[in-house]
Amino acid sequence: MLRTHTCGELNERNVGAEATLCGWVWKSRDLGGVLFVDLRDRYGFTQLVVDPAVDKELHEAASKLKGEDVVRVAGEVRLRPEEQRRDDVPTGAVELHVRKLEVLARAKTPPFNLAEEELEVHEDLRLEYRYLDLRRPHMQRNLAVRHRAVKAIREYLSARGFVEIETPNLMRSTPEGARDYLVPSRLHRGRFYALPQSPQMYKQLLMAAGVDRYFQIARCFRDEDQRADRQPEFTQLDLEMSFAEEEDVFDVTEGVFAASFREGIGVELEVPWPRLTWREAMSRYGRDKPDTRFGLEFADVTELFKNSKFLERGHKYAEGAAFALKVPGGLTRKQLGDVEQAVTAEKFPGVMSFTVGGNGEIKGPALKHFPGGFGKQLLKYTKGEEGDGILVCAGEFGHAANVLGTARLKVADVLDIKKEKGFNFLWVTDFPLFERDPATGEPVPSHHPFTSPRLEDADKLEAAPFDVTSRAYDVTVNGVELGSGSVRIHDAALQRRVFKAFGYSDEEIEARFGFFLRALEYGTPPHAGIAPGLDRWVMVMRGERSIRDVIAFPKTLRASSPMDGSPAPVAREQLDELGLTLKDEGPEGK
RNA sequence: GGGGCGGUAGUUCAACUUGGUUAGAGCACCGGCCUGUCACGCCGGAAGUUGCGGGUUCGAGUCCCGUCCGCCCCGCCA
């Protein structure tokens with residue numbers, strides 16, 4: 001190695017020793033005589049001292065160093081003068097008095113300032129020069145935490161008998177679900193592979209293969225519109241267990257998260273995690289991924305709206321419900337305006353706003369729509385007190401809950417009560433197998449078709465699909481959905497019925513899933529699993545707002561890469577070889 | 001597909017509300033001074049197709065239209 005130590009390593013114990021360091025010039029302070037240079041690498045930074053009185057030539061060379069030059073320096077480790085020691089960095093007590101300097105690589109002036117700790121640079125610029133962006137200590141830490149988390153995951157699962165197995169990245173396209181990324185085949189003209197949206201069927205086939213306990217740090221691809229927490233390619237911890245039920249998956253998942261938080265950021269998670277049924281989550285928080293770091297729970301006031309028009313409007317197919325959200329101390333006019341704006345973005349139904357006046361009198365413009373006893377009842381349900389605000393939303397169950405859920409999050413936002421109060425992990429269970437299309441009333445699957453219904457509900461699959469509860473579960477933390485899983489169907493006949501209930505014809509079932517059903521006919525054990533998204537996982541660990549900050553080379557929201565210019569046009573010959581012609585060249589032409 | 005925010009010096013921002021002479025500041029960069037700094041300090045300098053195209057106007061960074069790029073949200077993500 002060109003170095004004897006890293007830049008984060010030297011401390012009091014090395015005083016008097018000779019050391020050779022390699023690293024990037026970070027910040028330098030030229031006092032005219034003595035020159036200080038902070039030399040940085042992945043491990044930290046060390047202050048170099050160059051004294052012209054010791055070596056004039058060396059000092060001259062050192063004073064020409066610029067930010068991001070890569071150098072190798074050798075010298076003696078000395079204690080800093082007493083009053084100049086820093087205890088906020090591990091190397092703060094010492095400095096290296098340079099005797100030899102070698103420039104390994106010169107750097108052009110970087111396009112943005114790497115000495116700034118904050119990430120506040122236009123993101124397209126950060127992505128274009130990602131290798132510079134990643135040099136910053138903050139990003140180095142993100143990469144390191146991710147590595148430690150993955151290492152802990154592998155160790156934890158391996159110790160519990162899980163086997164890591166790779167599954168194909170070139171597979172058959174399945175038009176349902178997310179849009180596939182397609183890969184044309186050269187050897188089979190006109191045919192295409194798809195990149196996996198998840199290894200779902202493969203891992204179930206591994207259960208059929210007797211693997212018993214499988215996991216994979218799996219790359220997944222979905223060609224859908226992006227968000228701060230969604231990338232075209234992302235990583236899941238995919239795992240599956242045979243002869244297992246919900247409790248077994250919960251136990252392993254809690255264990256693997258606890259291990260990763262311990263190893264990754266030194267945080268001890270409390271397990272087991274609380275559980276909420278989907279219905280409870282919706283009725284109390286208006287989300288299937290509730291942020292429980294603050295209260296603001298709903299009161300169910302459906303009873304007050306019985307026989308009212310509010311429950312009939314906009315939900316001719318589904319069950320109506322009404323919820324109330326008490327805001328202790330109320331909201332200012334501006335805060336209420338912000339909340340209302342957040343809610344109207346979701347269109348209907350609206351949120352009614354009331355306030356509690358002196359001697360328990362309810363006030364609000366919507367009051368005129370209700371009979372006299374309404375106010376008193378509302379107060380009773382919400383336990384409102386003088387000065388409180390009460391927001392109410394009534395309509396179809398899911399919509400009303402969701403709209404008030406949006407209001408709840410905005411209220412927490414404007415009152416600034418979210419903060420960072422640890423990690424509130426939560427299981428959400430008992431999802432309905434089908435949701436209702438609000439426009440048509442038709443059943444639409446709320447999970448993938450391999451999710452087992454509760455066996456006692458299986459009879460209702462055809463007659464009353466909305467009454468079927470699935471054995472699906474989500475793991476969420478602080479309002480972020482980290483992953484979902486389920487007990488799977490392992491019986492071919494039941495799987496066939498569910499495919500049909502999902503609306504597939506016999507022909508479609510055979511063409512797309514025939515091989516899979518066949519596997520189920522050869523003795524597939526009961527099995528269950530889960531697939532938490534690793535990017536969000538690490539994002540939450542690091543308190544980042546975007547998964548882009550925990551991915552080394554992410555794409556922009558438009559799925560492009562400013563650094564390498566992908567996606568890019570390809571040569572005509574490449575298309576010819578694949579038997580492809582373009583209908584048009586796209587907006588960029590060529 | 002829809003809505004919102006943004007794009008001004010290498011960079012982070014100001015000037016835009018109310019159109020008006022030469023578009024400013026911090027950091028970075030270049031030059032000079034400075035021997036214990038750690039956001040070193042002081043003096044000076046260079047640095048701009050105001051994303052791009054069009055329009056209105058005597059005059060546009062500023063107003064209007066279009067377009068590109070980035071970010072945030074809705075739809076979408078079985």
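Values in this document were obtained by computation on a predicted structure and should not be read as measured data. Residue numbers begin at 1 in each chain, while the letters A, B, ... track the order of the sequences. No hydrogens, no waters, no symmetry mates; every other heavy atom, side chains included, goes into these values.
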* May I ask you to check whether F234(A) and F221(A) place their ring centres under 6.0 Å from each other? => no
* To do: Can you figure out which of C77(B), G36(B), C71(B) approaches the side chain of Q47(A) most closely?
  => G36(B)
* Asked: Would you say C38(B) has OP1 or OP2 under 4.0 Å from some side-chain N or O of Q84(A)?
  -> no
* Asked: Expressed in angstrom and rounded to an integer, what is the separation of D51(A) atom CG from U37(B) atom P?
  -> 14 Å
* Asked: With both distances under 3.5 angstrom, what nucleotide forms a Watson-Crick or G-U wobble pair with A46(B)?
  -> none
* Asked: Does any N or O donor sit under 3.5 Å from an N or O acceptor when you compare the side chain of R222(A) with the base of C76(B)?
  -> no
* To do: Would you classify P445(A) as touching base, sugar-phosphate or nothing, given that sugar-phosphate means primed atoms plus P, OP1 and OP2, and contacts are heavy atoms under 4.0 Å?
  => sugar-phosphate
* Are the ring of F36(A) and the base ring of U37(B) both nearer than 5.5 Å at their centres and tilted by less than 30°? -> yes
* **For A39(B), the Watson-Crick or wobble counterpart (both distances under 3.5 Å)** => none
* Reckon D223(A) touches a base, only the sugar-phosphate, or nothing at all at heavy-atom distances under 4.0 Å? -> nothing
* **Salt bridge R86(A)-D88(A), side-chain N to carboxylate O under 4.0 Å** => yes
* With the sugar-phosphate defined as primed atoms, P, OP1 and OP2, and the base as all remaining atoms, what B/S/- string results for nucleotides 25-30 of chain B, 5' to 3', for protein heavy atoms under 4.0 Å? -> --SSSS
* To do: With a 3.5 angstrom cut-off on both distances, give the Watson-Crick or G-U wobble partner of U17(B), or none if there isn't one.
  => none
* Structure fact -> Contact string for nucleotides 2-9 of chain B, one letter per nucleotide 5' to 3', B = base within protein heavy-atom range under 4.0 Å, S = sugar-phosphate only, - = neither, reads -----S--
* Structure fact -> Of A228(A) and K27(A), the one whose closest nucleotide on RNA chain B sits nearer the 5' end is K27(A)
* Candidates G36(B), C38(B), U11(B) - which lies nearest the side chain of R29(A) -> C38(B)
* Scan every strand shown for a Watson-Crick or G-U wobble partner of U22(B), both distances under 3.5 Å, and answer none if you come up empty. => none
* Mind checking H97(A) for me? I need base, sugar-phosphate or nothing, with any heavy atom below 4.0 Å counting as a touch. => base
* Kindly confirm or rule out a cation-pi arrangement of R279(A) over F431(A), judged by NZ or CZ under 6.0 Å from the six-membered ring centre and within 45° of its axis? => no
Can you give me the N/O atom pairs linking the protein to nucleotides 45-53 of chain B at distances under 3.5 Å, or say none if there are none?
none

* Asked: P111(A) side chain: which of G10(B), G36(B), C77(B) is closest?
  -> G10(B)
* Under 3.5 Å on both distances, the Watson-Crick or G-U partner of G66(B) -> C52(B)
* Please evaluate the base of C76(B) for a donor-acceptor partner in the side chain of R230(A) within a cut-off of under 3.5 Å? => yes
* Paired with G75(B) by Watson-Crick or G-U wobble geometry, both distances under 3.5 Å: which nucleotide is it? -> none
* Please report, rounded to the nearest Å, how far the C1' atom of C77(B) is from the NE2 atom of H447(A). => 13 Å
